[in-house]
Each structure stands twice: as structure tokens, then as C-alpha cells.
Visitor: 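The following block contains the structure, expressed as C-alpha cells.
Letters A, B, ... are given to chains in the order of the sequence lines, protein chains preceding strands, and every chain is numbered from 1. No experiment lies behind these values; they were computed from the predicted model shown.
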Number of protein chains: 2
Amino acid sequence: MSEKNVLSDFKPDGHNHEACIDTALATASTVCRERGLRLTPLRQRVLELVWQQHMPVGAYDLLDALRSDGRRADPPTVYRALEFLLENGFVHRIESLNAYVGCGEPKHAHSAQFLICGNCNRVAELEDPAISQIISEKADGLGFRISQQTIEVTGLCGECREHAPA
Amino acid sequence: MSEKNVLSDFKPDGHNHEACIDTALATASTVCRERGLRLTPLRQRVLELVWQQHMPVGAYDLLDALRSDGRRADPPTVYRALEFLLENGFVHRIESLNAYVGCGEPKHAHSAQFLICGNCNRVAELEDPAISQIISEKADGLGFRISQQTIEVTGLCGECREHAPA
DNA sequence: TCGCTGATGTTATACTATAACAACAAGGTG
DNA sequence: CACCTTGTTGTTATAGTATAACATCAGCGA
């Protein structure tokens, strides 16, 4: 039961990361086709860059990467691509880091929770109804109508906890 | 029971806001005396400015306000004051807004949750153990050791929901 | 072909935050 | 009192994040 609500766990160093990227791009392609969205080469490339690691990446890092591609790029280029990817659920924004991370489950809208390791910077994405629901209940009790939940938890992932104890 | 975990509810327009400010400043003064912290005039003034409304305020708004006082001020002035106030629990930072809000209960460290009205911008601060605990449990289950929780919920407060329905 | 729409290019600027060093104030110690 | 230490504030400069505004271009349907 413990894994059921984990959309994306902390990935070990040795995992097949090419597969992660491929899956993310394939899913995005499928979803865009289904919804009539245009996954342009730029948007696809930015999504691929976001998925280069399982950790949040800053907009200006993406910008540098686009320039490394040889492409002329300025801030609006990457921010507009991110806007598209955010709106359609392909990436999430980590507010506490001003950074962006690939979404582990872009096929449906969801309220996610993030565990962010302060040591290795990797991120796990949860979609735990119990968390969302209790927050919704408390908000309801105060007459508050929720439109968005931002839940970001920082700390140490299991691996880093072992290597950097106490 | 519904009010028990609310450190600071949405304040109606007509409330005695002078009392809010006075209480916040008096509490800060007491806490600083107890802990051997120096609540300098600058820090006290920044805290007072943060408490001018029950909504998050940006660092540069505080900077402008300090300048309106006739004080010479530059960004580090306000950021250092905020750093002191944050470290010692007198204000909270709202990550999703890059803004700061007075803490409703600075006498003890706590993990707070914020409800942020997107219409009137007012903020309610909760300290709900049920929310903290369920997140802690889920994190524990993944081997994650929490150091900080950022929980910011945006939506419409009860009052705005009535006036701007649907 | 024309005109519409959405995407991208391009320039400029706004907003948020910190680094680094100087000056100063207060308290302790010789 | 002189001196030093520590913490706070002053000051200049710069880093980092994001958007406004307008130009251009590509694709598609009338």
C-alpha cells in the first residue's frame, strides 16, 4: 500500500533514465494529439530538458540548454514553453525553488505533493487523496473554496539520510 | 471544533486592526526579551509594516514604506530584517507569492498551513496537526525525513465566495 | 490569395534577492 | 580609558527570476 500514491518516487542513480525521458515524451505526444494541442519542437525540447534529471530545473538553466542546442533563445521563449507545459499538466512548478519538474502522471489533472531532498535535490511526486482531502475538509470548514493546493516538503530522501545521518 | 486550529482567520473589514498590530508588536517584544534577541527599531518597524494588512506583502513594498518613513533604505535593509523575523518566527514567507505575512502565533515554532484568497488577498493561517501528521506519515513511509512543510492553498475566502459566486 | 490564428522572435524592462565590504554601536576586558 | 569583539546597519553592485509589448512567421481554412 505504501507505493500506491507515489506518482514518481526518488529514482536510484542506476535506473534506466532514457526510459523515463522516452515515456514522458511519448505520453506528452499522445495527450497532445488527443486534446488537439500542439507539441511543437520547442515545447517538446523543453519538456525533454526538464526531464533530463529527476530534480527541479530553473528556467534560465533551460534557456542555457536551448542555447547549447545552437538555438537562439531568450527568456520569453522558455517561459512560454513552460507556460504551455504547466497549463497542460506536463510539468509542475516548485514554488519554493522557482523551478520546474516533469509531471509523473500528465494524463489527468491532479493535486500533487512533492518531497524534495535538500541534499541530492531529487524530487518525489505524490498524489495522495488523504492529504488533499483533509486539506479540503479543513478549508471547507472555514468557508474557503480551494482552487489550488501547493504542497512542498523539504528534507532528506532515504538514500541521503543513510549517507548523511543525524 | 472548527476554529481550534486556526491561528489567524480571515479578518472582516471592520475588525479592530490596531489591536492586531499592537498585539503582534507586544508579543514580539516579549519573545525577544525572553530569548535575548534584539528587536531593533528597524526590525520592529518592518514587523509593523508586515502587519499593516492581513495579507502578504512584498519585500519591495516594505522597502518603499521604509523610504516613505524618510529612512534611507536599500534591499539588504529589508531582506535582513525579514531574515531575522523569519528565523525567529515573527513572519512567514509565502513561497507562491514571494511575499511575507505576519505570524499569528510566534511564541512557539510550528508548521503552518495558509489559505490565500485570490480575490481579496487576505490570508488565514492554520496550524492543523492532522494535516502535518498525515504528511509526516506519508513521508516516513517513503523513508523521507522532513525538515520543512510548505502548504499554501489558494482559492476564495468565504466572504469573496459570496460576492463573486460560481 | 487572403486573412486569421497561434507560435515564436526580439527588445526592453520589471521584479526578487544576495554578495561583499564599509561604518557604526554596544558591551566586555585589559 | 583604550581596545577589541560581535552584531547591526549602510552602501554599492550584481545575480536571478519573470513579463510586457510588439514584430515576424507558419499553417490552415475561406
Visitor: Measure CG/A:D74 against P/D:dT17 and give the value in whole Å, please.
Guide: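 From A:D74 CG to D:dT17 P: 16 Å.
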
Visitor: Within the 3.5 Å criterion, strictly below it, is a donor on B:N98 or B:R93 matched to an acceptor on the partner's side chain?
Guide: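 Judged by distance alone, the side chains do pair up.
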
Visitor: Which whole-number value in Å describes the distance from A:L63 CG to D:dA15 C1'?
Guide: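 Roughly 15 Å, once rounded to whole Å.
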
Visitor: Whole-Å distance between D:dT9 C1' and B:L82 CG?
Guide: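 My rounded result for the distance is 15 Å.
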
Visitor: Does a donor on one side chain sit under 3.5 Å from an acceptor on the other, for B:H92 and B:E152?
Guide: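 No, no side-chain donor-acceptor pair sits under 3.5 Å.
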
Visitor: Return the nearest nucleotide to the side chain of A:R72; candidates are C:dG9, C:dA7, C:dT11.
Guide: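 Nucleotide nearest to A:R72's side chain: C:dT11.
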
Visitor: When you check the side-chain N and O atoms of B:S132 and B:Q113, is any donor under 3.5 Å from an acceptor?
Guide: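 Yes, B:Q113 and B:S132 have a side-chain donor paired with an acceptor closer than 3.5 Å.
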
Visitor: Does D:dT9 have its OP1 or OP2 closer than 4.0 Å to a side-chain nitrogen or oxygen of B:R45?
Guide: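 The answer is no; no side-chain N or O of B:R45 sits under 4.0 Å from OP1 or OP2.
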
Visitor: Heavy atoms under 4.0 Å, any strand shown: does A:N98 hit a base, just sugar-phosphate, or nothing?
Guide: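 Sugar-phosphate, no base atom in range.
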
Visitor: Distances under 3.5 Å only, N/O to N/O: pair up the protein atoms with those of nucleotides 19-29 of chain D.
Guide:
none

Visitor: Could you state the atom-to-atom distance from CD of B:E83 to P of C:dT16 in whole Å?
Guide: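 Rounding to the nearest Å, CD of B:E83 and P of C:dT16 are 19 Å apart.
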
Visitor: Taking atom P of C:dG6 as reference, at what distance in whole Å does atom CG of A:N88 sit?
Guide: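 After rounding, the reported distance stands at 14 Å.
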
Visitor: Salt bridge check: are B:R67 and B:D74 linked by an N-O gap of less than 4.0 Å?
Guide: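 Yes, charged N to carboxylate O under 4.0 Å.
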
Visitor: What's the CG-P distance between B:L39 and D:dT8, to the nearest Å?
Guide: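 Atom CG in B:L39 sits about 11 Å away from atom P in D:dT8.
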
Visitor: How long is the line joining CG of B:L42 and P of D:dT11, in whole Å?
Guide: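 It is 13 Å, rounded to the nearest whole Å.
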
Visitor: Should the pair B:H54 and B:H15 be assigned to parallel (<30°), tilted (30 to 60°) or perpendicular (>60°) ring geometry?
Guide: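 Correct class here is tilted.
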
Visitor: Taking the six-membered ring of A:F84, is NZ or CZ of A:R43 closer than 6.0 Å to its centre and within 45° of its axis?
Guide: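 Yes; both conditions hold, so A:R43 lies above the ring face of A:F84.
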
Visitor: Salt bridge check: are B:E48 and B:R45 linked by an N-O gap of less than 4.0 Å?
Guide: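 Yes, this pair counts.
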
Visitor: For B:I94 and C:dT16, give me the distance from atom CD1 to atom C1', rounded to whole Å.
Guide: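 The distance from CD1 of B:I94 to C1' of C:dT16 comes to 16 Å, rounded to the nearest Å.
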
Visitor: Output yes when at least one side-chain N/O atom of A:T77 is less than 4.0 Å from OP1 or OP2 of C:dT8, else no.
Guide: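 It does not, given that no N or O in the side chain of A:T77 lies less than 4.0 Å from OP1 or OP2 of C:dT8.
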
Visitor: When the nearest nucleotide of DNA chain D is assigned to A:Y100 and to B:T40 on a heavy-atom basis, which residue is associated with the more 5' position?
Guide: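 Per heavy-atom nearest nucleotide, the more 5' residue is B:T40.
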
